[in-house]
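Report on one structure; see the data block that follows.
Side chains included, hydrogens not; waters and symmetry mates left out as well; all remaining heavy atoms used. Order of the sequence lines fixes the chain letters, A, B, ..., with proteins taken first and strands second; residue numbering starts at 1 for each chain.
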Amino acid sequence: MDAVGGLSQVETLIMGLDTLWVLLSAFLVFFMNLGFAMVETGLCRSKNAVNILSKNFIVFAIASLSFWFIGWGLMFGDGNAFVGLTNLFFANGGVDEGFGAISWARVPFWAKFFFQLVFAGTAATIVSGAVAERIKFTSFIVFAFILVAVMYPVTGHWIWGGGWLQNLGFFDFAGSTVVHSVGGWAALAGVMVLGPRHGKYRADGSTVPILGHNMSMVTLGGLVLWFGWFGFNPGSTMAVGDGSAIAHIAVTTNTSAAVAILSSTIASWFLLGRPDLSMIINGALAGLVGITAGCAFVDVGGAAMIGLVSGVLVVFSVLFFDKRKLDDPVGALSVHLMNGMWGTLAVGLFAIDGITGTATGNGLLNGGGFGLLAKQSIGVVSVAGFSFAVALAVWLVLKYTVGIRVTREEELTGLDRSEHASEAYAGFQIID
Amino acid sequence: MDAVGGLSQVETLIMGLDTLWVLLSAFLVFFMNLGFAMVETGLCRSKNAVNILSKNFIVFAIASLSFWFIGWGLMFGDGNAFVGLTNLFFANGGVDEGFGAISWARVPFWAKFFFQLVFAGTAATIVSGAVAERIKFTSFIVFAFILVAVMYPVTGHWIWGGGWLQNLGFFDFAGSTVVHSVGGWAALAGVMVLGPRHGKYRADGSTVPILGHNMSMVTLGGLVLWFGWFGFNPGSTMAVGDGSAIAHIAVTTNTSAAVAILSSTIASWFLLGRPDLSMIINGALAGLVGITAGCAFVDVGGAAMIGLVSGVLVVFSVLFFDKRKLDDPVGALSVHLMNGMWGTLAVGLFAIDGITGTATGNGLLNGGGFGLLAKQSIGVVSVAGFSFAVALAVWLVLKYTVGIRVTREEELTGLDRSEHASEAYAGFQIID
Amino acid sequence: MDAVGGLSQVETLIMGLDTLWVLLSAFLVFFMNLGFAMVETGLCRSKNAVNILSKNFIVFAIASLSFWFIGWGLMFGDGNAFVGLTNLFFANGGVDEGFGAISWARVPFWAKFFFQLVFAGTAATIVSGAVAERIKFTSFIVFAFILVAVMYPVTGHWIWGGGWLQNLGFFDFAGSTVVHSVGGWAALAGVMVLGPRHGKYRADGSTVPILGHNMSMVTLGGLVLWFGWFGFNPGSTMAVGDGSAIAHIAVTTNTSAAVAILSSTIASWFLLGRPDLSMIINGALAGLVGITAGCAFVDVGGAAMIGLVSGVLVVFSVLFFDKRKLDDPVGALSVHLMNGMWGTLAVGLFAIDGITGTATGNGLLNGGGFGLLAKQSIGVVSVAGFSFAVALAVWLVLKYTVGIRVTREEELTGLDRSEHASEAYAGFQIID
């Protein structure tokens with residue numbers, strides 16, 4: 001290998017090593033699409049499996065195109081405090097200027113683009129689970145396109161693209177807010193506009209459990225997501241350095257998940273009288289979402305504390321949303337929305353001064369404290385307001401134009417037959 | 001780390017980084033065995049699941065041994081325009097000379113060997129799906145051994161091993177022809193010699209749909225293949241450099257897949273009246289096969305065009321093969337053969353001058369044009385002639401010696417009982 | 001990137017590259033949790049699926065905490081010949097001293113910790129399969145905690161932590177003994193104390209086959225484990241160097257698996273009259289366990305010999321344990337215990353002088369021979385004695401305090417209903 005483009009051999013090596021890390025991390029995050037597909041499909045009924053699998057498969061294709069078309073430019077283009085305005089359309093590897101907010105990552109343009117794309121895709125996938133078993137296929141596709149094209153990039157610009165929250169000193173290392181809460185608010189708006197599945201809540205307000213059709217798939221999905229998170233969080237360094245930051249982040253990430261598994265198991269044992277597998281798995285995911293904002297800023301003890309709360313929070317949250325008759329078949333709101341908020345606030349509680357020396361868009365974080373907690377709260381609230389309001393508007397427009405919900409008959413028959421003229425498990429005897 | 005074997009510390013680092021990349025890519029390509037196993041098994045009936053899983057599990061073991069025994073030497077050994085002749089038997093890490101055509105990759109011998117092995121294994125796996133549900137277990141194993149030992153390496157030598165097509169200026173970056181078309185031609189010959197499954201075509205020529213037994217598995221397999229392709233295509237650089245080539249290739253690869261998903265979805269919606277999940281997934285795979293030859297030579301817009309055609313081509317191709325009564329239970333011919341050819345020709349249509357500066361066996365590609373298109377066509381046709389003719393001969397010899405098809409009774413019973421005295425889903429109620 | 005902490009830019013690069021490799025390998029080994037979960041669950045009955053999935057999901061959380069709490073310190077802390085005594089509690093990234101035995105790995109503390117953690121987790125997971133379908137959920141969790149907190153670290157200290165076997169010149173490159181045999185002995189003790197599942201053995205001593213409920217899951221798990229082993233074995237270099245050692249190990253690992261698949265297939269065909277899929281998959285795993293100790297010390301031919309024996313050994317071993325009425329639903333004893341021992345002894349038979357130049361805790365291995373074989377035997381026997389005795393004691397204490405086996409009624413009903421008030425496949429018709 002010769003030195004490339006004016007770089008010394010060693011500088012070329014550093015850039016190559018960093019690019020390798022960013023891309024491998026992106027591949028892992030891409031793989032999370034499998035995790036989401038399996039968790040969501042397994043937790044729903046077999047009569048809707050083809051539909052959910054189709055949504056989950058196609059959603060990353062949609063995200064790939066809408067982020068290329070406009071999302072990247074709105075998020076990372078140089079612009080004002082609210083939105084990017086430079087090189088808006090069709091992200092182009094030949095134009096590496098005009099993206100000042102992410103110039104700290106010294107890897108080639110397409111590596112930055114692809115890494116950010118897989119994050120955007122994750123936000124869209126989160127919505128999929130919450131609206132499952134009753135949403136129209138085409139309406140979901142349109143919503144996902146708009147989410148990745150416009151909604152996600154705008155709040156992303158505020159936090160990672162040089163916007164007002166970044167300038168305020170709001171910290172979200174790998175996206176508890178940018179990805180998970182944003183996906184969660186979009187999902188909540190969808191759940192509210194759609195209404196619950198037929199038969200989910202009785203007239204007296206009590207809940208009818210609707211069991212998932214394949215817990216092996218759900219477990220598979222949960223482990224794939226945990227695996228993929230080792231790209232999501234450590235990969236957000238977008239650089240290797242001497243490796244100490246990525247090693248640190250791998251351990252904080254894993255520790256939060258591990259503790260959250262135990263605390264969700266115990267919480268579900270107390271509240272439900274048994275170790276519930278879906279609660280155990282959602283506990284892991286809650287711990288992972290919870291540590292995402294602070295993984296680079298807290299020590300392993302702090303990560304354990306964050307996970308402890310996450311695991312309990314997700315169990316109570318699932319029960320809470322059911323009490324409010326907000327029907328979320330897979331617990332996406334409890335995992336991504338509630339723990340996205342918790343994880344973001346937790347940075348203010350547990351951050352420790354200069355713990356990893358990790359570069360980010362807004363420099364090093366110098367410890368937590370009340371001032372930081374206030375800033376984190378401002379971020380949580382403002383992203384909530386924007387994301388929920390815009391998502392609600394988009395869902396309502398869709399509802400009163402193309403419609404967003406299948407008919408009662410289609411829902412009872414199952415979306416596989418009504419939307420896809422297909423079935424997931426031909427030959428197997430299945431009772432409704 | 002001290003400098004190794006006369007290399008400077010920096011040269012050792014470069015070699016280490018490149019080796020890491022080649023091996024990690026190879027692991028990802030190895031993982032595609034899981035993708036193929038799940039797609040093929042899920043698209044077939046449950047009564048043949050154990051048989052298909054067994055074939056897919058054992059085929060990489062066969063490939064590992066036959067490529068070690070003779071395949072590597074025939075493909076990469078120094079030789080004449082048609083075949084390698086140096087160090088033919090038992091690839092040996094101690095002998096790194098005599099493989100001039102792959103000396104451009106500056107990684108240790110076993111890294112080159114392992115990377116090439118997983119590609120050879122892929123070609124063998126492609127055949128598996130097309131001949132499923134009626135082939136004899138042992139005959140498939142023998143065919144796979146011969147394919148990886150002799151057939152794949154010979155055309156591979158023409159294109160990547162210093163043979164006549166490489167010298168002509170034929171370009172196939174990651175194997176649209178070398179891997180996918182070759183596997184596809186071998187599969188087509190098998191399909192023709194075997195004949196269709198009982199009950200697949202009615203006397204009046206119309207087709208009886210035979211539904212796959214588990215679309216969750218198929219989706220899982222499709223996402224695993226997409227994931228693995230990030231090793232297949234970007235890994236074919238066999239070097240990291242400053243990372244810009246591998247980042248570029250990751251994005252062209254993903255973009256082609258994404259556009260192909262949308263075009264196959266729309267095409268199936270028009271032609272079949274519904275968004276068919278197996279068409280959506282085969283659309284993704286078609287886009288991935290289509291971009292494989294040109295991923296390093298086209299820009300992202302070109303990749304989108306290639307994917308657009310791939311997604312439509314695969315849908316029409318599935319219908320075409322059924323009309324010709326060529327029974328391919330999983331669509332392998334449409335994905336690998338048709339799109340392998342399309343992707344190879346597309347290099348001539350969309351290549352752009354010096355786009356990534358990626359090293360390959362035959363240097364940089366300087367743009368496309370009619371001359372290149374003609375060379376690409378020569379390659380497509382000559383590989384077709386050799387691969388199909390030899391595969392046909394091998395299948396016929398097998399047919400008239402050991403036999404290649406199970407009896408009608410065994411086929412109706414299912415191969416799991418008749419060949420393995422087993423069942424895949426003990427306890428589940430299944431109706432034939 | 002600037003040089004970090006007194007290191008030159010090149011030294012920082014080396015450390016970064018090595019850390020990247022160690023972490024990516026650790027992620028792959030973590031992913032093996034999915035492989036174990038799918039293999040074990042698929043080979044058991046659907047009425048116990050939720051229980052087995054729950055155990056496999058929670059076990060890595062338990063391991064993460066117990067290894068952090070005390071296991072790491074006992075294993076790698078400076079101490080005497082039998083146990084570590086320095087920095088015992090709560091592994092701490094800020095304290096990188098006091099772990100002399102692993103100072104040869106020049107990566108950050110948390111990278112070492114995380115890599116070693118995923119190995120410890122593997123040992124605990126091995127136990128899970130052997131005791132499946134009748135163990136109490138809580139008792140398994142307590143046993144797994146003790147295993148990773150104390151039992152695994154003590155023998156680990158002997159071999160990798162500066163203890164007496166390491167000083168003797170006992171070699172176990174990636175853990176045939178440290179991980180697999182230790183897990184296997186703990187499993188054997190559990191199987192003996194638990195007794196067989198109801199209905200497994202008839203009064204006349206003959207065996208009733210209990211079929212697994214999903215061979216697709218088993219195959220998926222087998223391929224995931226094979227994939228993960230490319231982190232397990234090559235990753236145990238904990239350094240990249242010029243890449244030649246990791247490339248060599250990838251190929252010896254794969255070759256042993258490939259040959260073992262063929263030898264187990266042939267052995268099962270002779271003994272059982274058919275190519276049995278569970279034997280084929282266990283053959284692969286046997287070959288992987290068998291090569292784990294020697295992967296860096298043998299050449300590819302030696303790896304093939306090791307795999308040849310492994311594949312036959314696993315088939316005979318499964319039949320042997322059934323004859324002894326030691327009921328191991330998934331074959332864990334045959335795979336991990338028997339082949340862990342075989343692989344460790346095989347180092348003495350097939351090691352070749354200075355084959356890769358790979359650094360390990362006790363330096364280079366200079367060939368095999370009778371002296372080495374004797375030392376390997378001492379290690380196998382002494383680890384057997386300690387691991388089995390302590391595990392037996394722990395199981396017995398658990399048995400006579402909290403109890404380790406569910407009631408006959410609970411077992412017949414299935415653990416999913418009795419322990420989790422749940423079911424894995426809601427809607428599917430299943431006959432017991």
**Asked** By a 4.5 Å heavy-atom criterion (distance strictly below it), what part of C/Leu117 contacts chain A: side chain, backbone, both, or neither?
**Response** side chain
**Message:** Quick check against the 3.5 Å criterion: does A/His248 have a side-chain atom that pairs as donor or acceptor with the backbone of A/Val298?
**Reply:** yes
**Request:** Run through C/Lys55, C/Glu40, C/Arg134, C/Glu133 and flag the one making a side chain to side chain donor-acceptor pair (under 3.5 Å) with C/Asn48.
**Result:** C/Glu133
**Message:** Heavy-atom pairs under 4.5 Å with chain A - which of C/Ile58, C/Ile430, C/Ile62 has more of them than the others?
**Reply:** C/Ile58
**Message:** Report which part of C/Phe137 has an atom under 4.5 Å of a heavy atom belonging to chain A: side chain, backbone, both, or neither.
**Reply:** side chain
**Request:** Would you mind checking which part of C/Phe113 comes under 4.5 Å of any heavy atom in chain A, side chain (CB onward), backbone (N, CA, C, O), both or neither?
**Result:** side chain
**Prompt:** Quick one: of C/Leu53, C/Val224, C/Thr19, C/Asp416, who has the most non-hydrogen atom pairs under 4.5 Å with chain A?
**Reply:** C/Leu53
**Asked** What part of C/Leu23 gets closer than 4.5 Å to chain A, counting heavy atoms only: side chain, backbone, both or neither?
**Response** side chain
**Prompt:** What part of C/Ile141 lies closer than 4.5 angstrom to a heavy atom of chain A: side chain, backbone, both or neither?
**Reply:** neither
**Message:** In terms of relative ring orientation, are C/Phe99 and C/Phe109 parallel, tilted or perpendicular, with 30° and 60° separating the classes?
**Reply:** tilted
**Item:** Pick from A/Asp299, A/Leu20, A/Leu223 with the largest number of heavy-atom pairs that fall under 4.5 Å of chain C
**Value:** A/Leu223
**Asked** Does any heavy atom of chain A fall under 4.5 Å from the side chain of C/Ile52, the backbone, both, or neither of them?
**Response** neither
**Considering all heavy atoms, the nearest A/Leu43-A/Met215 contact** = CD2-SD, 4.2 Å
**Message:** Ignoring hydrogens, what is the shortest heavy-atom contact between A/Gly212 and C/Ala426? Give both atom names and the distance.
**Reply:** O-CB, 3.4 Å
**Asked** Side chains of C/Ser46 and C/Phe428: does their closest heavy-atom pair fall under 4.5 Å?
**Response** no
**Fill in**
Under 4.5 Å to a heavy atom of chain C? For A/Ala304 that would be side chain
**Message:** Out of C/Ser64, C/Ala424, C/Ala63, return the one with the most heavy atom pairs under 4.5 angstrom to chain A.
**Reply:** C/Ala424
**Message:** Please check: side-chain N/O of A/Ser256 versus main-chain N/O of A/Gly287, any donor-acceptor pairing under 3.5 Å?
**Reply:** yes
**Message:** Check C/Glu423 with C/Arg417, please: is the shortest side-chain N to carboxylate O separation under 4.0 Å?
**Reply:** yes
**Item:** Heavy-atom contact with chain C under 4.5 Å, split by part of A/Leu28
**Value:** side chain
**Request:** Please state whether the side chain, the backbone, both or neither of C/Leu65 comes within less than 4.5 Å of a heavy atom of chain A.
**Result:** side chain
**Message:** Does the plane of the ring in A/Phe31 sit parallel, tilted or perpendicular to the ring in C/Phe31? Use 30° and 60° as the thresholds.
**Reply:** perpendicular
**Asked** Can you tell me how far the CE atom of C/Met75 sits from the OH atom of C/Tyr152, to the nearest 0.5 Å?
**Response** 4.0 Å
**Request:** Please state whether the side chain, the backbone, both or neither of C/Val10 comes within less than 4.5 Å of a heavy atom of chain A.
**Result:** side chain
**Request:** Under 4.5 Å heavy-atom distance to chain C, tell me which part of A/Asp276 shows up: side chain, backbone, both or neither.
**Result:** neither
**Contact class of C/Thr41 relative to chain A, heavy atoms under 4.5 angstrom** = side chain
**Prompt:** Measuring heavy-atom distances to chain C, does A/Trp226 have an atom under 4.5 Å in its side chain, in its backbone, in both, or in neither?
**Reply:** both
**Item:** side chain to side chain contact (heavy atoms under 4.5 Å, CB included) between C/Gln429 and A/Ile431, worked out
**Value:** CA-CA 7 Å; C/Gln429 288 264 39; A/Ile431 334 149; 3.8 Å; yes
**Message:** Between A/Thr252 and C/Trp110, do the side chains contain a donor N or O and an acceptor N or O under 3.5 Å apart?
**Reply:** no
**Engaged part of A/Ile280 at the chain C interface, taking heavy atoms whose separation is under 4.5 Å** = both
**Request:** Would you mind telling me which of C/Phe119, C/Phe60, C/Phe232, C/Phe114 makes a ring-ring contact (aromatic ring centres under 6.0 Å, His included) with C/Phe30?
**Result:** C/Phe60
**Item:** chain A interface, residue from C/Asn56, C/Leu34, C/Asn33 that has the most non-hydrogen pairs under 4.5 Å
**Value:** C/Leu34
**Item:** Interface residue of largest heavy-atom contact number with chain C, from A/Leu272, A/Val300, A/Leu211, under 4.5 Å
**Value:** A/Val300
**Asked** Given that the side chain runs from C-beta out, which part of A/Thr265 has a heavy atom under 4.5 Å from chain C: side chain, backbone, both or neither?
**Response** side chain
**Residue C/Thr138 versus chain A: region with a heavy atom under 4.5 Å** = side chain
